Structure formats: structure tokens, C-alpha cells
Student: 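Structure provided below as C-alpha cells; questions to follow.
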Amino acid sequence: MSRIRVNGVELYYEVHGEGEPVLMIHGLGSSTRDWDLQVPALASRFRVVTYDVRGHARSEKPRQRYTVKLFAADAAALIRALNFGPVHVVGISMGGMIAFQLAVDSPELVRSLVIANSGPAMPIKTLAQRLMIWTRIAIVRFQGMRRMGEVLAARLLPKPESAAARAEFIERWATNDPIAYLSALKGLVNWSVMDALPGIDRPVLVLTGDQDYTPIAFKQAYTAMMKHAELVVIDDARHFTPIERPEPFNAALLSFLARAQNPAFEVSPSKY
């Protein structure tokens with residue numbers, strides 16, 4: 001558990017295990033805790049680096065405009081400072097966006113990509129899309145981060161057996177800095193690297209729950225735009241797949257990373 005100043009910000013990070021480096025990037029409003037059920041599974045084979053993104057959890061929260069490009073620059077600076085590159089990059093939700101941006105801006109630092117419940121663009125064009133953003137902003141401003149956590153926990157972890165995970169999720173969300181959270185949220189709006197996908201020549205695993213926010217067809221379409229990409233769909237899973245369905249998530253992740261270490265990587269048939 002350490003802190004490091006890179007790219008003008010102090011980031012909290014952790015390193016576990018030995019082997020080829022794997023950088024894991026959490027989602028919006030979250031932290032390294034997104035990966036609590038993945039780090040033990042990976043650390044016996046890889047050097048696993050998790051960190052809190054600028055504006056989140058134990059990292060510094062400068063009052064500024066946040067963007068995906070800025071977050072990716074922080075990730076690149078962290079990899080260089082730790083002298084760990086190139087790394088396998090695993091990102092969920094916002095973390096997947098950061099991973100895509102990192103692969104576009106600093107491809108020499110990326111060995112492979114795992115994009116979990118995410119995509120290469122977040123267009124906010126339709127009324128429904130705008131309402132989703134406005135609703136989050138309104139809840140945070142007028143009801144607070146705890147209420148936002150309650151709303152999300154009910155959607156992401158709806159099963160009765162997930163009661164403990166829901167309670168923990170809510171407590172974690174309640175500690176979020178609302179100003180930093182809203183800045184990060186706004187920084188995702190209308191971001192895109194879709195046009196750059198054909199230029200990504202690293203192995204890519206697109207990993208998604210079958211009941212994620214965005215449809216499987218969207219993931220199929222953008223997976224097909226990359227040279228060495230494959231798609232795996234985990235059934236009975238929503239947006240918080242690493243916590244809700246850790247066993248199949250970890251199995252798919254480990255299988256891909258084992259193959260991605262091979263310079264002669266071959267794409268497997270997509271599974272859905």
C-alpha cells in the first residue's frame with residue numbers, strides 16, 4: 001500500500017504478487033476494492049497493480065476538469081514511474097474507457113487489454129441517455145452520495161444472497177467526494193475512441209455480463225473492429241460482474257491472460 005506523485009497528482013496504489021504486470025483500473029465512484037475477488041486469484045501468477053483513479057477514494061482529488069484522456073495520462077505516468085511496462089490492462093466500466101484511451105495514446109505501455117462491461121465510447125445524444133446523466137447529477141446534488149449508492153446497489157446486486165455485498169457497496173459509495181464524482185462523471189460524457197479501434201493491435205478480451213447496461217450487440221460490433229479481439233459473455237450477470245459472478249469472471253480473465261503472454265497469441269472464438 002503506497003502513494004506516488006505522477007502527472008501532478010498523488011495516487012494511491014497497491015502491488016501484489018510476482019510475474020508479468022497486470023494493471024487493474026476500477027469504475028466510476030469506486031476504488032481498488034472493485035478487484036477484491038480478483039487480486040488473490042491473479043497474484044499467484046502475476047504482479048498485480050491496483051490503484052485509485054484521480055478524484056477517487058484514497059487518491060488526491062484536485063478541483064479541476066477531469067477527462068478520460070487525463071485519467072489515461074495518469075495511468076501511463078504510473079506505469080512509467082513503477083517501471084512496469086508494458087502491462088496487461090484490465091478495466092471495468094470507466095476503467096475500461098481509461099484502458100482504451102491508454103492503448104490509443106501510449107500503445108508501447110500496453111501488452112493486452114481486458115475491457116469489462118465497458119466500451120470505446122459513451123455517447124449522450126438521446127433523451128433517455130441525457131435523463132440518465134441528469135438523474136445521477138440530481139441524486140448526488142440533492143440526496144447525496146449514500147442515496148446514489150443505494151440506487152446503484154439495488155440495480156447492480158439485486159439478488160437476496162447479495163445483501164452483504166449491497167450493504168458494503170453503499171457504505172463505500174457514501175464516502176465518495178461528490179464534487180470529484182460529478183467531475184469524473186461529466187468527463188465521460190460524449191467521450192470516444194471508436195475511430196481508433198482498427199489501430200489497436202494488442203490482444204483484447206471484451207468481457208461482459210449478459211445483463212449489463214449496454215447490449216451484447218454493441219460489444220459484438222466494436223469487438224469486430226479490432227484485429228485481435230474476442231468477446232466472452234457471462235450469464236446471469238449485471239454491471240458489477242467481478243463481484244456478482246467472480247468465478248466465471250476470473251476463469252475467463254486468467255485464461256485470456258495466460259494466452260496473451262504468448263507472442264503468437266491467437267484469437268479464440270467469442271463465447272455468448
Side-chain angles (χ1 to χ4, degrees), residues 1-18 20-36 38-40 42-43 46-111 113-114 116 118 136 140 144-146 148-149 168-169 171-189 191 242:
M1 301 180 183
S2 304
R3 298 178 185 277
I4 191 170
R5 178 160 290 276
V6 295
N7 200 34
V9 68
E10 186 178 82
L11 299 180
Y12 171 89
Y13 74 98
E14 300 178 8
V15 181
H16 302 270
E18 293 294 335
E20 290 196 7
V22 177
L23 180 71
M24 308 191 79
I25 311 177
H26 64 76
L28 175 66
S30 200
S31 71
T32 60
R33 298 292 306 279
D34 272 0
W35 307 114
D36 279 357
Q38 282 66 56
V39 170
L42 269 63
F46 299 94
R47 178 175 294 178
V48 182
V49 183
T50 61
Y51 75 103
D52 292 337
V53 173
R54 176 190 297 250
H56 290 71
R58 290 154 290 189
S59 286
E60 194 176 0
K61 303 169 183 64
R63 297 306 193 224
Q64 64 182 128
R65 180 173 176 264
Y66 296 159
T67 65
V68 178
K69 198 168 184 69
L70 175 63
F71 292 152
D74 291 343
L78 177 62
I79 296 167
R80 291 190 176 104
L82 297 178
N83 196 29
F84 280 174
V87 302
H88 303 280
V89 185
V90 182
I92 184 168
S93 195
M94 179 188 76
M97 301 178 190
I98 297 169
F100 266 131
Q101 189 73 60
L102 178 64
V104 170
D105 292 347
S106 304
E108 74 282 1
L109 298 178
V110 176
R111 180 147 187 196
L113 290 175
V114 178
S118 187
R136 283 208 182 194
V140 171
M145 292 305 306
R146 178 175 291 276
M148 187 75 256
E168 181 179 348
F169 181 94
E171 291 306 313
R172 284 166 50 192
W173 267 76
T175 65
N176 268 308
D177 181 304
I179 296 175
Y181 172 82
L182 291 176
S183 181
L185 173 63
K186 293 172 184 176
L188 308 183
V189 171
W191 163 84

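Quantities reported herein were computed from a predicted structural model and do not represent experimental measurements.
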Student: Pick from Glu14, Glu168, Glu171: which one makes a salt bridge (charged side-chain N to carboxylate O under 4.0 Å, His left out) with Arg33?
Tutor: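 Testing Arg33 for a salt bridge (charged side-chain N to carboxylate O under 4.0 Å, His left out) against Glu14, Glu168, Glu171 leaves exactly one candidate, Glu168.
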Student: Quick one: side chains of residues 89-100, donor-acceptor pairs under 3.5 Å with protein atoms, not counting sequence neighbours, listed by atom name and distance.
Tutor:
residue: Ser93; atom: OG; partner: His239; partner atom: NE2; Å: 2.9

Student: Ignoring hydrogens, what is the shortest heavy-atom contact between Pro86 and Pro21? Give both atom names and the distance.
Tutor: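 So the two residues come closest at O-CG, 3.7 Å.
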Student: Working to the nearest 0.5 angstrom, can you tell me the gap between Ile25 CD1 and Phe71 CZ?
Tutor: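 With rounding to 0.5 Å, CD1 (Ile25) is 11.0 Å from CZ (Phe71).
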Student: Less than 4.0 Å between a side-chain N and a carboxylate O, is that true for Lys61 and Asp177?
Tutor: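 Not counted as a salt bridge, because no side-chain N and carboxylate O are separated by less than 4.0 Å.
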Student: Does Arg65 have more than 12 heavy atoms from other residues, nucleotides or ligands lying within 6.0 Å of its CZ?
Tutor: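 No, not enclosed.
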Student: Over all heavy atoms of both residues, which pair between Ala81 and Val6 is shortest? Give the atoms and the distance, please.
Tutor: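 Where Ala81 meets Val6 most closely, the heavy atoms are CB-CG1, 3.7 Å.
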Student: Can you check whether Gly27's main-chain N or O pairs, donor with acceptor, with Asp34's side chain at less than 3.5 Å?
Tutor: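 Between the backbone of Gly27 and the side chain of Asp34 there is a qualifying donor-acceptor contact (under 3.5 Å).
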Student: Supply the atom-to-atom distance His16 NE2 to Phe46 CZ, rounded to the nearest 0.5 angstrom.
Tutor: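 So the gap between those two atoms works out to 15.5 Å.
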Student: Working to the nearest 0.5 Å, report the span between CG of Asp74 and CD1 of Ile4.
Tutor: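 Nearest 0.5 Å value for the CG-CD1 distance: 11.5 Å.
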Student: For Trp173 and Thr175, what are the C-alpha separation, side-chain angles and deciding distance, and is it a side-chain contact (heavy atoms from CB on, under 4.5 Å)?
Tutor: CA-CA 5 Å; Trp173 267 76; Thr175 65; over 6 Å; no
Student: Going from OH on Tyr181 to NE2 on His56, what distance comes out if it is rounded to the nearest 0.5 angstrom?
Tutor: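 Here the rounded value is 8.5 Å.
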Student: Quick one: closest heavy-atom pair of Arg80 and Ser106, and the distance?
Tutor: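 In this case the closest contact between Arg80 and Ser106 is NH2-OG, 4.0 Å.
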Student: Counting only N and O atoms by type, is there a donor-acceptor contact under 3.5 Å from the side chain of Asn176 to the main-chain atoms of Gly29?
Tutor: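 Checked: pair present.
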Student: Tell me if a side-chain donor or acceptor on Ser183 pairs with a main-chain N or O of Tyr66 at a distance below 3.5 Å.
Tutor: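 Checking the backbone N and O of Tyr66 against the side chain of Ser183, a donor-acceptor pair under 3.5 Å is found.
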Student: So do the side chains of Leu28 and Leu188 get within less than 4.5 Å of each other, counting heavy atoms only?
Tutor: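 Side-chain contact under 4.5 Å: yes.
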Student: Ignoring hydrogens, what is the shortest heavy-atom contact between Ser31 and His26? Give both atom names and the distance.
Tutor: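 Here Ser31 and His26 meet closest at O-CB, 3.0 Å.
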Student: Compare all side-chain heavy atoms of Val48 with those of Trp35 and state whether any distance is below 4.5 angstrom.
Tutor: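 Result no, sub-4.5 Å side-chain heavy-atom pair not found.
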Student: Would you mind checking if Arg3 and Glu60 are paired as a salt bridge, meaning a charged N to carboxylate O distance below 4.0 Å?
Tutor: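 Looking at Glu60 and Arg3, the cut-off is not met.
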Student: Considering non-hydrogen atoms only, spot the tightest contact between Arg146 and Ala174 and give its length.
Tutor: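 Arg146 and Ala174 have their closest heavy atoms at NH2-CB, 3.7 Å.
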Student: Does some side-chain heavy atom of Gln64 sit less than 4.5 Å from a side-chain heavy atom of Leu70?
Tutor: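 Yes, side chains in contact.
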Student: Indicate yes or no: at least one non-hydrogen side-chain atom of Ser59 is less than 4.5 angstrom from one of Val9.
Tutor: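 No - every pair of side-chain heavy atoms lies 4.5 Å or more apart.
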Student: Would you say the side chain of Leu185 lies within less than 4.5 Å of the side chain of Val140, judging by non-hydrogen atoms?
Tutor: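 No. Closest side-chain heavy atoms not under 4.5 Å.
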Student: Give, for atom OG1 of Thr32 and atom CG of Asp52, the distance between the pair rounded to the nearest 0.5 Å.
Tutor: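 It is 5.0 Å, given to the nearest 0.5 Å.
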Student: Got a second to check how far Leu23's CG is from Leu78's CG, nearest 0.5 Å?
Tutor: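 That separation rounds to 6.5 Å.
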Student: Stepwise, does the side-chain contact (heavy atoms from CB on, under 4.5 Å) test hold for Thr50 with Gln38?
Tutor: CA-CA 11 Å; Thr50 61; Gln38 282 66 56; over 6 Å; no
